[in-house]
Amino acid sequence: MDASFIHFTGGQTGAWQVTGMTPVIGPALDAVAAIDLHTATELLPSNGTWTLRGFSSNVRYAEKTEVEQLRAIQSGLGRPEAICAALIPIRKSAAWWALAQDERRQIFEAQSHHTATGLQYLPAIARKLYHCRDIGEPFDFLTWFEYAPMHESAFDALVAALRQSPEWQYVDWEVDIRLTLQA
Ligand code: HEM
């Protein structure tokens, strides 16, 4: 089955219990108690308080050596010990999208060291990036991370470092949603 779309549905029930929802920049999302993830072959309508939709895609910025480094050490989603998660929807500004691809790569890695910084947190943090700018969604990206409780402070340090970087000057909407897997 081609399950390239992902639906994050926020509502009263779901596999992941919401432990915090922080609007980092821009408006908050309506508060929900839980989030469910569904893969799908098509874009389905929302059936919760809200649904954020995205799709996995090819890499844009990672170069060959970085892709190889990531593949060598990254862990997959769904590890039994990784009962904590973060869903961080992100939108970037018109100024970012007006840049050429090479200018964006320059800011993303040469100036902000996004991949180099992130690699230091692997394999403890498992990650998945979904795109949604091209399907009319409110955000440009849905970022999803899973980790064990003992790595929560490391994850907090990682997001703090990225938010200090030049890349984040182009982030104009970001909501930080933290979750734990329902027992
Ligand atoms: C866990 C360690 C992390 C690693 C190894 C990592 C690595 C990467 C890589 C390689 C890409 C580029 C994908 C491509 O070439 O298209 C990327 C994109 C992205 N990452 Fe991370 N990342 C990490 C953590 C984070 C965190 C914590 C956030 C959010 C707070 C985040 C937000 C994003 C966003 C929004 C993009 C898309 C950027 C764009 O296309 O403009 N990443 N990440």
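Counting starts at 1 for both ligands and their atoms, following the listed order.
- In terms of heavy-atom proximity, His131 sits nearest to Asn58 at NE2-O, 4.4 Å.
- The nearest non-hydrogen atom to atom 29 (C) of ligand 1, considering only Tyr170, Tyr61, Trp168, Phe141, comes from Trp168.
- Close N/O approach between Arg60 and ligand 1 is found [any backbone or side-chain N/O within under 3.5 Å].
- Under 4.0 angstrom from ligand 1, there are no non-hydrogen atoms of Arg104.
- Taking the six-membered ring where the residue is Trp, the centroids of Phe55 and Tyr130 are separated by 6.0 Å or more.
- Within the protein, the N, O or S atoms sitting under 2.8 Å from atom 21 (Fe) of ligand 1 are His114 NE2.
- With no hydrogens or angles considered, a side-chain donor-acceptor pair links Thr115 and Glu109 at under 3.5 Å.
- Compare Tyr130, Phe145, Phe139 by their heavy atoms: the one nearest to atom 26 (C) of ligand 1 is in Phe145.
- The shell of residues lying under 4.0 angstrom from ligand 1, judged by heavy atoms, includes Leu70.
- Smallest separation of non-hydrogen atoms from Ile35 and Val32: CG1-CG2, 4.3 Å.
- Remark: the Thr51 side chain and the Thr9 side chain contain an N/O donor-acceptor pair separated by less than 3.5 Å.
- With sequence neighbours excluded, the residues forming a side-chain contact (heavy atoms from CB on, under 4.5 Å) with Leu77 are Ala126, Lys128, Trp144, Glu146, listed by chain and number.
- Under the side-chain contact (heavy atoms from CB on, under 4.5 Å) criterion, Glu68 pairs with Lys64, not counting sequence neighbours.
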Could you list the donor-acceptor pairs under 3.5 angstrom formed by side chains in residues 80-94, with sequence neighbours left out?
unit_1, atom_1, unit_2, atom_2, d
Arg91, NE, Asp172, OD1, 2.8
Arg91, NH2, Asp172, OD1, 3.4
Lys92, NZ, Glu167, OE2, 2.7
Ser93, OG, Ala95, N, 3.4
Ser93, OG, Trp96, N, 3.4

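- If you check which protein heavy atom lies closest to atom 1 (C) of ligand 1, you get Leu158 CD2, 3.5 Å.
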